[in-house]
There are 2 protein chains.
Amino acid sequence: MEVNRTYTEQHKILVATDCIVFGFDEGVLKLLVFKRRINPFMGEWSLIGSFVDEEESVTEAARRVLLQFTGLENIFLKELKAYSDVDRDPGARCISIGQYALIRINEYDKEQVERHGAKWFAVDELPEMVLDHNKMISDALDRLKEKARRKPLGFELLPEKFTIPQLQNLYEAIYQRKLDDRNFRKKLLSFGLLIKLDEKDKTSSKKGAFLYRFDHDKYKNLEESGFNFVL
Amino acid sequence: MEVNRTYTEQHKILVATDCIVFGFDEGVLKLLVFKRRINPFMGEWSLIGSFVDEEESVTEAARRVLLQFTGLENIFLKELKAYSDVDRDPGARCISIGQYALIRINEYDKEQVERHGAKWFAVDELPEMVLDHNKMISDALDRLKEKARRKPLGFELLPEKFTIPQLQNLYEAIYQRKLDDRNFRKKLLSFGLLIKLDEKDKTSSKKGAFLYRFDHDKYKNLEESGFNFVL
DNA sequence: CCAAAAGTGTTCGTCCTACACCCATGT
DNA sequence: ACATGGGTGTAGGACGAACACTTTTGG
(Lines give C-alpha, C1' and ligand atoms only; values in the text may rest on other atoms or scores of the structure.)
Protein backbone atom coordinates (compact mmCIF):
# COMPACT_ATOMS: atom_id res chain seq x y z
CA MET A 1 0.00 0.00 0.00
CA GLU A 2 1.54 3.21 -1.05
CA VAL A 3 2.74 6.01 1.08
CA ASN A 4 0.45 8.90 1.81
CA ARG A 5 -2.50 8.15 -0.33
CA THR A 6 -5.84 7.17 1.04
CA TYR A 7 -8.20 4.67 -0.48
CA THR A 8 -10.72 7.23 -1.61
CA GLU A 9 -8.23 9.11 -3.75
CA GLN A 10 -7.54 6.03 -5.87
CA HIS A 11 -8.77 5.08 -9.30
CA LYS A 12 -11.04 2.11 -9.47
CA ILE A 13 -10.69 -0.23 -12.41
CA LEU A 14 -12.96 -2.72 -14.13
CA VAL A 15 -11.94 -6.24 -13.19
CA ALA A 16 -12.96 -9.26 -15.24
CA THR A 17 -12.09 -12.91 -15.32
CA ASP A 18 -11.78 -15.05 -18.43
CA CYS A 19 -11.88 -18.84 -18.35
CA ILE A 20 -9.84 -21.06 -20.60
CA VAL A 21 -12.04 -24.16 -20.51
CA PHE A 22 -10.35 -27.39 -21.61
CA GLY A 23 -12.14 -30.57 -22.55
CA PHE A 24 -10.94 -33.85 -24.07
CA ASP A 25 -13.10 -35.45 -26.71
CA GLU A 26 -12.32 -38.33 -29.06
CA GLY A 27 -8.60 -38.00 -28.69
CA VAL A 28 -8.60 -34.25 -29.22
CA LEU A 29 -7.97 -31.47 -26.71
CA LYS A 30 -10.69 -28.85 -27.05
CA LEU A 31 -11.55 -25.39 -25.79
CA LEU A 32 -14.94 -23.88 -25.06
CA VAL A 33 -15.46 -20.45 -26.60
CA PHE A 34 -18.50 -18.38 -27.48
CA LYS A 35 -19.64 -15.40 -29.47
CA ARG A 36 -19.26 -12.20 -27.55
CA ARG A 37 -22.46 -10.33 -26.85
CA ILE A 38 -21.26 -6.87 -25.99
CA ASN A 39 -19.55 -4.17 -27.96
CA PRO A 40 -16.90 -3.68 -29.07
CA PHE A 41 -16.40 -6.88 -31.06
CA MET A 42 -19.91 -8.19 -30.56
CA GLY A 43 -20.29 -11.48 -32.43
CA GLU A 44 -16.60 -12.35 -32.46
CA TRP A 45 -15.13 -15.37 -30.73
CA SER A 46 -14.28 -14.87 -27.09
CA LEU A 47 -13.38 -16.82 -24.00
CA ILE A 48 -16.20 -17.15 -21.56
CA GLY A 49 -15.88 -14.72 -18.71
CA SER A 50 -17.48 -12.03 -16.65
CA PHE A 51 -16.83 -8.84 -14.83
CA VAL A 52 -16.13 -9.38 -11.16
CA ASP A 53 -19.00 -8.10 -9.06
CA GLU A 54 -18.70 -6.16 -5.87
CA GLU A 55 -19.69 -9.01 -3.61
CA GLU A 56 -17.64 -11.88 -5.08
CA SER A 57 -14.02 -12.94 -5.39
CA VAL A 58 -12.40 -13.57 -8.75
CA THR A 59 -12.75 -17.31 -8.28
CA GLU A 60 -16.40 -16.99 -7.37
CA ALA A 61 -17.00 -14.94 -10.50
CA ALA A 62 -15.40 -17.66 -12.61
CA ARG A 63 -17.42 -20.42 -10.97
CA ARG A 64 -20.58 -18.42 -11.52
CA VAL A 65 -19.88 -18.16 -15.25
CA LEU A 66 -18.85 -21.79 -15.56
CA LEU A 67 -22.05 -22.91 -13.89
CA GLN A 68 -24.04 -20.64 -16.19
CA PHE A 69 -22.41 -22.01 -19.34
CA THR A 70 -21.97 -25.67 -18.56
CA GLY A 71 -24.30 -26.49 -15.67
CA LEU A 72 -21.31 -27.84 -13.73
CA GLU A 73 -20.14 -27.10 -10.21
CA ASN A 74 -16.92 -28.22 -8.56
CA ILE A 75 -14.95 -27.77 -11.73
CA PHE A 76 -11.17 -27.93 -11.53
CA LEU A 77 -10.14 -24.27 -11.74
CA LYS A 78 -6.75 -22.57 -11.30
CA GLU A 79 -5.56 -19.06 -11.74
CA LEU A 80 -3.35 -18.45 -14.76
CA LYS A 81 -2.30 -14.82 -14.50
CA ALA A 82 -3.48 -11.24 -14.61
CA TYR A 83 -3.76 -9.43 -17.93
CA SER A 84 -3.51 -5.75 -17.21
CA ASP A 85 -2.02 -3.88 -20.14
CA VAL A 86 -3.57 -0.46 -20.25
CA ASP A 87 -4.73 -0.84 -23.83
CA ARG A 88 -5.72 -4.48 -23.81
CA ASP A 89 -9.43 -3.67 -24.15
CA PRO A 90 -10.51 -0.81 -26.39
CA GLY A 91 -13.91 -0.79 -24.69
CA ALA A 92 -12.54 0.45 -21.38
CA ARG A 93 -9.58 0.09 -19.07
CA CYS A 94 -10.13 -3.38 -17.78
CA ILE A 95 -7.93 -5.91 -16.01
CA SER A 96 -8.70 -9.57 -16.54
CA ILE A 97 -7.59 -12.47 -14.39
CA GLY A 98 -7.18 -15.49 -16.65
CA GLN A 99 -8.16 -18.84 -15.15
CA TYR A 100 -8.02 -22.28 -16.69
CA ALA A 101 -10.63 -24.94 -16.08
CA LEU A 102 -10.65 -28.66 -16.83
CA ILE A 103 -13.98 -30.30 -17.43
CA ARG A 104 -15.21 -33.78 -18.21
CA ILE A 105 -16.68 -33.34 -21.63
CA ASN A 106 -19.23 -36.10 -21.05
CA GLU A 107 -20.75 -34.34 -18.06
CA TYR A 108 -21.50 -30.82 -19.16
CA ASP A 109 -24.98 -29.66 -20.07
CA LYS A 110 -25.14 -29.49 -23.86
CA GLU A 111 -28.34 -27.49 -23.93
CA GLN A 112 -26.94 -24.80 -21.73
CA VAL A 113 -23.82 -24.58 -23.82
CA GLU A 114 -25.83 -24.20 -27.00
CA ARG A 115 -28.24 -21.74 -25.47
CA HIS A 116 -25.27 -19.49 -24.76
CA GLY A 117 -23.94 -19.87 -28.28
CA ALA A 118 -20.80 -21.57 -27.01
CA LYS A 119 -18.83 -24.06 -29.06
CA TRP A 120 -15.94 -26.48 -28.67
CA PHE A 121 -12.89 -25.99 -30.86
CA ALA A 122 -9.90 -28.28 -31.15
CA VAL A 123 -6.92 -26.44 -29.70
CA ASP A 124 -5.11 -26.50 -33.03
CA GLU A 125 -8.10 -25.21 -34.98
CA LEU A 126 -8.96 -22.16 -32.95
CA PRO A 127 -10.40 -19.09 -34.62
CA GLU A 128 -9.11 -15.57 -34.15
CA MET A 129 -10.32 -14.36 -30.79
CA VAL A 130 -11.04 -10.94 -29.36
CA LEU A 131 -8.65 -8.85 -27.30
CA ASP A 132 -5.71 -10.81 -25.89
CA HIS A 133 -7.65 -14.07 -25.66
CA ASN A 134 -5.39 -15.92 -28.09
CA LYS A 135 -2.46 -15.03 -25.87
CA MET A 136 -4.37 -16.22 -22.81
CA ILE A 137 -5.02 -19.53 -24.53
CA SER A 138 -1.43 -20.03 -25.50
CA ASP A 139 -0.34 -19.20 -21.94
CA ALA A 140 -2.90 -21.68 -20.61
CA LEU A 141 -1.66 -24.40 -22.94
CA ASP A 142 1.90 -23.85 -21.79
CA ARG A 143 0.76 -24.02 -18.19
CA LEU A 144 -1.25 -27.16 -18.80
CA LYS A 145 1.73 -28.90 -20.39
CA GLU A 146 3.93 -27.92 -17.49
CA LYS A 147 1.46 -28.87 -14.77
CA ALA A 148 0.18 -32.11 -16.28
CA ARG A 149 3.68 -33.51 -15.93
CA ARG A 150 3.85 -32.88 -12.20
CA LYS A 151 0.29 -33.01 -10.96
CA PRO A 152 -2.43 -35.52 -11.77
CA LEU A 153 -4.50 -32.97 -13.66
CA GLY A 154 -5.25 -35.33 -16.49
CA PHE A 155 -7.89 -37.18 -14.54
CA GLU A 156 -10.00 -34.00 -14.41
CA LEU A 157 -10.47 -34.25 -18.17
CA LEU A 158 -11.55 -37.89 -18.28
CA PRO A 159 -14.70 -39.59 -17.00
CA GLU A 160 -14.45 -40.96 -13.44
CA LYS A 161 -13.88 -44.37 -14.97
CA PHE A 162 -11.32 -44.48 -17.73
CA THR A 163 -8.98 -46.94 -19.42
CA ILE A 164 -5.22 -46.69 -19.57
CA PRO A 165 -5.19 -46.25 -23.35
CA GLN A 166 -7.63 -43.34 -22.97
CA LEU A 167 -5.35 -41.72 -20.42
CA GLN A 168 -2.40 -42.23 -22.70
CA ASN A 169 -4.26 -40.63 -25.59
CA LEU A 170 -4.95 -37.63 -23.40
CA TYR A 171 -1.30 -37.18 -22.49
CA GLU A 172 -0.34 -37.63 -26.10
CA ALA A 173 -2.80 -34.88 -27.02
CA ILE A 174 -1.39 -32.56 -24.37
CA TYR A 175 2.28 -33.19 -25.14
CA GLN A 176 1.70 -33.50 -28.88
CA ARG A 177 3.81 -36.62 -29.18
CA LYS A 178 3.48 -40.37 -29.10
CA LEU A 179 4.32 -42.12 -25.84
CA ASP A 180 5.51 -45.68 -25.35
CA ASP A 181 2.62 -47.95 -24.27
CA ARG A 182 4.64 -50.15 -21.96
CA ASN A 183 6.53 -47.38 -20.22
CA PHE A 184 3.42 -45.27 -19.79
CA ARG A 185 1.42 -48.06 -18.23
CA LYS A 186 4.29 -49.19 -16.02
CA LYS A 187 4.99 -45.69 -14.72
CA LEU A 188 1.37 -44.95 -13.94
CA LEU A 189 0.63 -48.21 -12.21
CA SER A 190 3.84 -47.89 -10.21
CA PHE A 191 2.33 -44.98 -8.25
CA GLY A 192 -0.35 -47.29 -6.91
CA LEU A 193 -2.92 -44.54 -7.44
CA LEU A 194 -5.15 -46.30 -9.93
CA ILE A 195 -7.91 -48.59 -8.73
CA LYS A 196 -8.60 -51.33 -11.25
CA LEU A 197 -12.29 -52.09 -11.73
CA ASP A 198 -13.91 -55.31 -12.89
CA GLU A 199 -15.55 -53.68 -15.88
CA LYS A 200 -14.16 -53.31 -19.34
CA ASP A 201 -14.74 -50.57 -21.85
CA LYS A 202 -15.32 -52.09 -25.27
CA THR A 203 -16.06 -48.95 -27.24
CA SER A 204 -12.67 -48.78 -28.84
CA SER A 205 -11.59 -52.37 -29.24
CA LYS A 206 -12.98 -55.88 -29.52
CA LYS A 207 -10.87 -57.14 -26.69
CA GLY A 208 -11.92 -54.32 -24.38
CA ALA A 209 -9.74 -52.41 -21.92
CA PHE A 210 -10.11 -52.50 -18.15
CA LEU A 211 -11.54 -49.43 -16.48
CA TYR A 212 -9.74 -47.66 -13.63
CA ARG A 213 -10.52 -44.95 -11.11
CA PHE A 214 -8.02 -42.46 -9.74
CA ASP A 215 -7.56 -42.71 -5.98
CA HIS A 216 -7.85 -39.04 -5.02
CA ASP A 217 -7.74 -39.71 -1.28
CA LYS A 218 -4.57 -41.73 -1.46
CA TYR A 219 -3.01 -39.05 -3.65
CA LYS A 220 -3.82 -36.33 -1.09
CA ASN A 221 -2.10 -38.34 1.61
CA LEU A 222 0.94 -39.12 -0.48
CA GLU A 223 1.25 -35.50 -1.60
CA GLU A 224 1.27 -34.29 1.98
CA SER A 225 4.13 -36.61 2.79
CA GLY A 226 6.20 -35.17 -0.02
CA PHE A 227 5.34 -37.54 -2.87
CA ASN A 228 5.91 -36.19 -6.35
CA PHE A 229 3.78 -37.28 -9.25
CA VAL A 230 5.95 -36.98 -12.34
CA LEU A 231 5.06 -38.31 -15.75
CA MET B 1 -17.14 -11.12 -21.05
CA GLU B 2 -20.58 -11.67 -19.78
CA VAL B 3 -23.72 -11.77 -21.76
CA ASN B 4 -25.84 -8.67 -22.08
CA ARG B 5 -24.08 -6.26 -19.82
CA THR B 6 -22.20 -3.28 -21.05
CA TYR B 7 -19.01 -1.93 -19.61
CA THR B 8 -20.62 1.12 -18.08
CA GLU B 9 -23.04 -0.85 -15.98
CA GLN B 10 -20.19 -2.62 -14.17
CA HIS B 11 -18.70 -2.05 -10.76
CA LYS B 12 -15.17 -0.82 -10.71
CA ILE B 13 -12.85 -2.11 -8.02
CA LEU B 14 -9.67 -0.86 -6.38
CA VAL B 15 -6.69 -2.80 -7.69
CA ALA B 16 -3.39 -2.90 -5.86
CA THR B 17 -0.17 -4.83 -6.16
CA ASP B 18 1.98 -6.03 -3.28
CA CYS B 19 5.60 -7.07 -3.70
CA ILE B 20 7.25 -9.85 -1.79
CA VAL B 21 10.85 -8.71 -2.05
CA PHE B 22 13.47 -11.36 -1.35
CA GLY B 23 17.12 -10.70 -0.60
CA PHE B 24 19.97 -12.95 0.52
CA ASP B 25 22.33 -11.61 3.14
CA GLU B 26 25.00 -13.41 5.14
CA GLY B 27 23.53 -16.81 4.57
CA VAL B 28 20.00 -15.74 5.45
CA LEU B 29 16.99 -15.29 3.18
CA LYS B 30 15.35 -11.95 3.94
CA LEU B 31 12.26 -9.97 3.06
CA LEU B 32 11.80 -6.25 2.68
CA VAL B 33 8.79 -4.87 4.55
CA PHE B 34 7.81 -1.44 5.80
CA LYS B 35 5.45 0.35 8.15
CA ARG B 36 2.17 1.12 6.52
CA ARG B 37 1.33 4.79 6.18
CA ILE B 38 -2.39 4.76 5.57
CA ASN B 39 -5.33 3.79 7.68
CA PRO B 40 -6.56 1.32 8.67
CA PHE B 41 -3.51 -0.31 10.31
CA MET B 42 -1.22 2.67 9.92
CA GLY B 43 2.14 1.88 11.51
CA GLU B 44 1.85 -1.88 11.21
CA TRP B 45 4.16 -4.03 9.11
CA SER B 46 3.16 -4.37 5.49
CA LEU B 47 4.54 -5.54 2.17
CA ILE B 48 5.55 -2.74 -0.11
CA GLY B 49 2.94 -2.07 -2.73
CA SER B 50 0.72 0.43 -4.41
CA PHE B 51 -2.61 0.94 -5.98
CA VAL B 52 -2.57 0.44 -9.73
CA ASP B 53 -3.07 3.73 -11.51
CA GLU B 54 -5.19 4.31 -14.53
CA GLU B 55 -2.34 4.59 -16.97
CA GLU B 56 -0.14 1.67 -15.89
CA SER B 57 -0.22 -2.12 -15.90
CA VAL B 58 0.11 -4.15 -12.72
CA THR B 59 3.74 -4.90 -13.52
CA GLU B 60 4.47 -1.25 -14.16
CA ALA B 61 2.93 -0.35 -10.82
CA ALA B 62 5.16 -2.87 -9.07
CA ARG B 63 8.30 -1.62 -10.83
CA ARG B 64 7.40 1.92 -9.91
CA VAL B 65 7.18 1.01 -6.22
CA LEU B 66 10.35 -1.07 -6.31
CA LEU B 67 12.26 1.80 -7.86
CA GLN B 68 10.87 4.14 -5.24
CA PHE B 69 11.88 1.92 -2.35
CA THR B 70 15.19 0.47 -3.49
CA GLY B 71 16.47 2.69 -6.28
CA LEU B 72 16.72 -0.39 -8.51
CA GLU B 73 15.42 -0.95 -12.02
CA ASN B 74 15.38 -4.21 -13.98
CA ILE B 75 14.57 -6.23 -10.91
CA PHE B 76 13.55 -9.85 -11.36
CA LEU B 77 9.78 -9.76 -10.88
CA LYS B 78 7.10 -12.42 -11.36
CA GLU B 79 3.43 -12.55 -10.68
CA LEU B 80 2.39 -14.74 -7.78
CA LYS B 81 -1.39 -14.63 -7.77
CA ALA B 82 -4.43 -12.45 -7.26
CA TYR B 83 -5.85 -11.95 -3.79
CA SER B 84 -9.47 -11.01 -4.19
CA ASP B 85 -11.50 -12.12 -1.20
CA VAL B 86 -14.28 -9.64 -0.70
CA ASP B 87 -13.32 -8.97 2.91
CA ARG B 88 -9.55 -9.13 2.64
CA ASP B 89 -9.17 -5.41 3.27
CA PRO B 90 -11.42 -3.70 5.83
CA GLY B 91 -10.50 -0.32 4.37
CA ALA B 92 -12.33 -0.96 1.11
CA ARG B 93 -13.06 -3.67 -1.43
CA CYS B 94 -9.66 -4.07 -2.98
CA ILE B 95 -8.05 -6.76 -5.11
CA SER B 96 -4.31 -7.16 -4.87
CA ILE B 97 -2.02 -8.90 -7.33
CA GLY B 98 0.88 -10.39 -5.38
CA GLN B 99 4.25 -10.33 -7.10
CA TYR B 100 7.59 -11.61 -5.90
CA ALA B 101 10.85 -9.86 -6.60
CA LEU B 102 14.46 -11.02 -6.20
CA ILE B 103 17.08 -8.40 -5.55
CA ARG B 104 20.82 -8.34 -5.02
CA ILE B 105 21.07 -7.12 -1.49
CA ASN B 106 24.42 -5.47 -2.15
CA GLU B 107 23.01 -3.24 -4.89
CA TYR B 108 19.97 -1.57 -3.39
CA ASP B 109 20.02 2.00 -2.15
CA LYS B 110 20.14 1.86 1.64
CA GLU B 111 19.23 5.49 2.09
CA GLN B 112 16.09 5.17 0.06
CA VAL B 113 15.06 2.07 1.95
CA GLU B 114 15.54 3.82 5.27
CA ARG B 115 13.84 6.98 4.14
CA HIS B 116 10.72 4.88 3.43
CA GLY B 117 10.93 3.21 6.82
CA ALA B 118 11.49 -0.17 5.20
CA LYS B 119 13.41 -2.96 6.89
CA TRP B 120 14.83 -6.40 6.07
CA PHE B 121 13.57 -9.35 8.12
CA ALA B 122 14.85 -12.91 8.02
CA VAL B 123 12.08 -15.05 6.56
CA ASP B 124 11.83 -17.09 9.73
CA GLU B 125 11.64 -14.04 11.99
CA LEU B 126 8.87 -12.13 10.30
CA PRO B 127 6.51 -9.99 12.34
CA GLU B 128 2.73 -10.12 12.12
CA MET B 129 1.72 -8.32 8.96
CA VAL B 130 -1.41 -6.46 7.91
CA LEU B 131 -4.26 -7.94 5.89
CA ASP B 132 -3.38 -11.20 4.13
CA HIS B 133 0.28 -10.31 3.73
CA ASN B 134 1.52 -13.21 5.84
CA LYS B 135 -0.37 -15.54 3.52
CA MET B 136 1.14 -13.83 0.48
CA ILE B 137 4.59 -14.33 1.94
CA SER B 138 4.04 -17.99 2.64
CA ASP B 139 2.68 -18.47 -0.90
CA ALA B 140 5.71 -16.66 -2.29
CA LEU B 141 8.09 -18.84 -0.29
CA ASP B 142 6.42 -21.96 -1.62
CA ARG B 143 6.66 -20.61 -5.14
CA LEU B 144 10.31 -19.69 -4.69
CA LYS B 145 11.15 -23.17 -3.46
CA GLU B 146 9.37 -24.73 -6.39
CA LYS B 147 10.82 -22.41 -9.03
CA ALA B 148 14.37 -22.30 -7.75
CA ARG B 149 14.63 -26.00 -8.46
CA ARG B 150 13.70 -25.64 -12.11
CA LYS B 151 14.84 -22.18 -13.13
CA PRO B 152 18.10 -20.43 -12.40
CA LEU B 153 16.46 -17.86 -10.13
CA GLY B 154 19.13 -18.12 -7.52
CA PHE B 155 21.55 -15.98 -9.47
CA GLU B 156 19.16 -13.03 -9.16
CA LEU B 157 19.80 -13.00 -5.42
CA LEU B 158 23.60 -13.05 -5.59
CA PRO B 159 26.06 -10.45 -6.84
CA GLU B 160 27.03 -10.77 -10.50
CA LYS B 161 30.22 -12.45 -9.36
CA PHE B 162 29.75 -15.18 -6.79
CA THR B 163 31.48 -18.29 -5.50
CA ILE B 164 30.10 -21.79 -5.57
CA PRO B 165 29.97 -22.05 -1.78
CA GLN B 166 27.90 -18.83 -1.73
CA LEU B 167 25.50 -20.28 -4.24
CA GLN B 168 25.24 -23.46 -2.22
CA ASN B 169 24.50 -21.45 0.93
CA LEU B 170 21.70 -19.72 -0.90
CA TYR B 171 20.09 -22.97 -2.00
CA GLU B 172 20.49 -24.34 1.49
CA ALA B 173 18.70 -21.27 2.83
CA ILE B 174 15.87 -21.69 0.33
CA TYR B 175 15.40 -25.42 0.80
CA GLN B 176 16.16 -25.30 4.51
CA ARG B 177 18.50 -28.26 4.38
CA LYS B 178 22.17 -29.07 3.97
CA LEU B 179 23.34 -30.10 0.50
CA ASP B 180 26.32 -32.24 -0.42
CA ASP B 181 29.27 -30.07 -1.55
CA ARG B 182 30.60 -32.41 -4.19
CA ASN B 183 27.27 -33.24 -5.75
CA PHE B 184 26.15 -29.62 -5.77
CA ARG B 185 29.30 -28.40 -7.47
CA LYS B 186 29.35 -31.27 -9.95
CA LYS B 187 25.73 -30.76 -10.95
CA LEU B 188 26.06 -27.04 -11.43
CA LEU B 189 29.27 -27.15 -13.40
CA SER B 190 27.83 -29.92 -15.57
CA PHE B 191 25.38 -27.44 -17.13
CA GLY B 192 28.30 -25.46 -18.51
CA LEU B 193 26.51 -22.26 -17.56
CA LEU B 194 29.03 -20.88 -15.10
CA ILE B 195 31.96 -18.83 -16.33
CA LYS B 196 34.95 -19.21 -14.05
CA LEU B 197 36.82 -15.97 -13.44
CA ASP B 198 40.46 -15.50 -12.52
CA GLU B 199 39.62 -13.71 -9.28
CA LYS B 200 39.09 -15.24 -5.90
CA ASP B 201 36.87 -14.08 -3.09
CA LYS B 202 38.76 -14.28 0.17
CA THR B 203 36.15 -12.81 2.48
CA SER B 204 35.11 -16.12 3.89
CA SER B 205 38.23 -18.26 3.84
CA LYS B 206 41.98 -17.99 3.78
CA LYS B 207 42.34 -20.12 0.71
CA GLY B 208 39.77 -18.07 -1.16
CA ALA B 209 37.10 -19.37 -3.54
CA PHE B 210 37.02 -18.73 -7.26
CA LEU B 211 34.40 -16.32 -8.52
CA TYR B 212 31.98 -17.26 -11.29
CA ARG B 213 29.46 -15.47 -13.47
CA PHE B 214 26.23 -17.00 -14.74
CA ASP B 215 26.06 -17.16 -18.53
CA HIS B 216 22.60 -15.71 -19.11
CA ASP B 217 22.93 -15.67 -22.89
CA LYS B 218 23.91 -19.30 -23.11
CA TYR B 219 21.04 -20.19 -20.77
CA LYS B 220 18.53 -18.38 -22.99
CA ASN B 221 19.72 -20.35 -26.00
CA LEU B 222 19.68 -23.67 -24.19
CA GLU B 223 16.24 -22.98 -22.74
CA GLU B 224 14.82 -22.33 -26.18
CA SER B 225 16.10 -25.65 -27.39
CA GLY B 226 14.30 -27.45 -24.59
CA PHE B 227 17.02 -27.61 -21.95
CA ASN B 228 15.80 -28.04 -18.40
CA PHE B 229 17.69 -26.59 -15.49
CA VAL B 230 16.98 -28.87 -12.52
CA LEU B 231 18.76 -28.73 -9.21
C1' DC C 1 -9.40 -66.35 -39.74
C1' DC C 2 -8.15 -61.77 -39.74
C1' DA C 3 -7.92 -57.04 -38.18
C1' DA C 4 -7.36 -54.04 -34.30
C1' DA C 5 -6.41 -52.69 -29.96
C1' DA C 6 -4.86 -54.45 -25.13
C1' DG C 7 -1.51 -56.07 -22.47
C1' DT C 8 3.16 -57.63 -20.93
C1' DG C 9 9.50 -57.77 -19.46
C1' DT C 10 14.11 -57.02 -20.16
C1' DT C 11 18.29 -54.64 -21.16
C1' DC C 12 21.16 -50.66 -21.24
C1' DG C 13 22.67 -46.33 -20.09
C1' DT C 14 22.27 -42.25 -17.30
C1' DC C 15 21.83 -39.76 -13.38
C1' DC C 16 21.40 -39.28 -8.36
C1' DT C 17 23.30 -40.36 -3.83
C1' DA C 18 26.43 -41.32 -0.39
C1' DC C 19 30.76 -40.83 1.24
C1' DA C 20 36.40 -39.00 3.02
C1' DC C 21 40.48 -36.83 2.18
C1' DC C 22 44.00 -33.32 0.57
C1' DC C 23 44.88 -28.31 -0.51
C1' DA C 24 45.91 -23.46 0.20
C1' DT C 25 46.54 -19.80 3.16
C1' DG C 26 46.42 -16.32 7.06
C1' DT C 27 47.37 -16.02 11.72
C1' DA D 1 51.81 -25.65 12.84
C1' DC D 2 47.19 -25.41 12.86
C1' DA D 3 42.57 -24.04 11.93
C1' DT D 4 39.38 -22.96 8.33
C1' DG D 5 36.91 -23.36 4.42
C1' DG D 6 37.82 -24.85 -0.81
C1' DG D 7 38.11 -28.34 -3.81
C1' DT D 8 38.08 -33.20 -5.78
C1' DG D 9 36.39 -38.88 -7.51
C1' DT D 10 34.15 -43.19 -7.26
C1' DA D 11 31.01 -46.95 -6.63
C1' DG D 12 26.14 -48.69 -6.18
C1' DG D 13 21.41 -48.25 -6.93
C1' DA D 14 17.32 -46.26 -9.07
C1' DC D 15 15.03 -44.82 -12.73
C1' DG D 16 13.96 -43.63 -17.64
C1' DA D 17 14.24 -45.09 -22.61
C1' DA D 18 14.16 -48.30 -26.16
C1' DC D 19 12.27 -52.18 -28.02
C1' DA D 20 8.53 -56.83 -30.16
C1' DC D 21 5.46 -60.18 -29.47
C1' DT D 22 1.11 -62.57 -27.61
C1' DT D 23 -3.81 -62.19 -26.37
C1' DT D 24 -8.66 -61.38 -27.12
C1' DT D 25 -12.66 -61.03 -29.75
C1' DG D 26 -16.11 -59.08 -33.12
C1' DG D 27 -17.02 -59.32 -37.73
Side-chain angles (χ1 to χ4, degrees), chain A residues 24 26-28 145 148-150 152 158-159 161-213 222 226-231, chain B residues 24 26-28 148-150 152 158-159 161-173 175-213 222 226-231:
Chain A
F24 182 61
E26 321 232 326
V28 182
K145 281 179 199 171
R149 215 176 285 267
R150 314 189 193 292
L158 292 175
K161 300 174 181 181
F162 54 85
T163 67
I164 299 208
Q166 277 168 23
L167 190 60
Q168 185 175 340
N169 279 341
L170 169 59
Y171 278 91
E172 289 175 344
I174 294 174
Y175 298 152
Q176 310 259 52
R177 68 189 178 88
K178 194 91 190 85
L179 303 174
D180 181 274
D181 307 8
R182 287 160 288 188
N183 293 337
F184 184 82
R185 179 182 296 265
K186 201 189 321 169
K187 186 73 186 286
L188 260 160
L189 293 174
S190 76
F191 298 137
L193 289 168
L194 297 190
I195 300 164
K196 187 174 185 171
L197 306 177
D198 281 334
E199 311 163 62
K200 281 192 167 189
D201 173 310
K202 296 211 169 189
T203 55
S204 66
S205 82
K206 300 168 178 180
K207 183 176 178 180
F210 277 103
L211 287 162
Y212 290 79
R213 281 195 307 106
L222 280 176
F227 167 77
N228 258 322
F229 179 95
V230 177
L231 254 188
Chain B
F24 181 62
E26 321 232 325
V28 181
R149 215 175 287 266
R150 312 193 193 292
L158 292 176
K161 300 175 183 181
F162 53 86
T163 67
I164 299 207
Q166 277 169 21
L167 190 60
Q168 184 175 341
N169 278 341
L170 169 59
Y171 277 91
E172 288 175 344
Y175 298 153
Q176 310 258 53
R177 68 188 179 88
K178 194 88 190 87
L179 303 174
D180 182 275
D181 308 6
R182 286 160 289 189
N183 294 338
F184 183 82
R185 178 183 296 265
K186 201 189 323 168
K187 186 72 185 289
L188 261 160
L189 292 175
S190 76
F191 297 138
L193 288 168
L194 298 190
I195 299 165
K196 187 173 184 172
L197 305 177
D198 281 334
E199 312 164 62
K200 281 192 165 188
D201 173 311
K202 297 209 168 191
T203 56
S204 66
S205 83
K206 299 168 181 180
K207 183 176 177 181
F210 277 104
L211 288 162
Y212 290 79
R213 280 195 306 107
L222 280 175
F227 167 78
N228 257 323
F229 179 95
V230 177
L231 253 189

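Below, chain A is the first sequence line, B the second, and so on; all start at residue 1.
Toward the 5′ end of DNA chain C lies the nearest nucleotide of A/Y212, the other residue of the pair B/K200 and A/Y212 mapping further downstream. For the pair B/N183 and B/P165, both in contact range of DNA chain D, the more 5′-proximal nearest nucleotide belongs to B/P165. Nearest-nucleotide mapping onto DNA chain C: of B/K207 and A/R185, the residue sitting toward the 5' end is A/R185. Between A/K187 and A/G208, the residue anchored closer to the 5' end of DNA chain D is A/K187, taking for each the nucleotide with the nearest heavy atom.
In terms of heavy-atom proximity, B/Q168 sits nearest to B/D180 at NE2-C, 4.0 Å.
For A/F229 and D/dG16, the CZ to P distance is 12 Å, given to the nearest whole Å. Atom CZ of B/R149 is separated from atom C1' of C/dC16 by 14 Å (rounded to the nearest Å). Distance CD1 (B/I164) to P (D/dG7): 7 Å, rounded to an integer number of Å. As rounded to whole Å, 15 Å separates atom C1' of D/dT25 from atom CG of A/D201. Atom C1' of nucleotide C/dT17 and atom CZ of B/R177 are separated by 11 Å, given to the nearest angstrom. Taking atom CD of A/Q168 as the reference point, atom P of C/dA5 lies 13 Å away to the nearest angstrom. Whole-Å rounding puts the A/L179 CG to D/dC19 P distance at 15 Å. Following rounding to the nearest Å, B/K206 (NZ) and D/dG6 (P) show an atom-to-atom distance of 12 Å.
Between the CD atom of B/Q166 and the OG1 atom of B/T203 there is a distance of 6.5 Å, given to the nearest 0.5 Å.
Using a 4.0 Å heavy-atom distance criterion, B/T163 is classed as making no nucleic acid contact. Here A/D181 lies out of heavy-atom contact (under 4.0 Å) with every strand. B/K202 comes within contact range of the sugar-phosphate backbone alone, with a heavy-atom separation under 4.0 Å but no base atom that close.
In this structure, the side chain of A/E172 engages the main chain of A/L179 through a donor-acceptor pair within 3.5 Å.
Side-chain N/O atoms of A/K186 and base N/O atoms of C/dT10 include a donor-acceptor pair closer than 3.5 Å.
Between B/L231 and B/F184, some side-chain heavy-atom pair lies under the 4.5 Å cut-off.
The side-chain contact (heavy atoms from CB on, under 4.5 Å) test with B/L222 is passed by exactly one of B/F229, B/F191, B/F227: B/F227.
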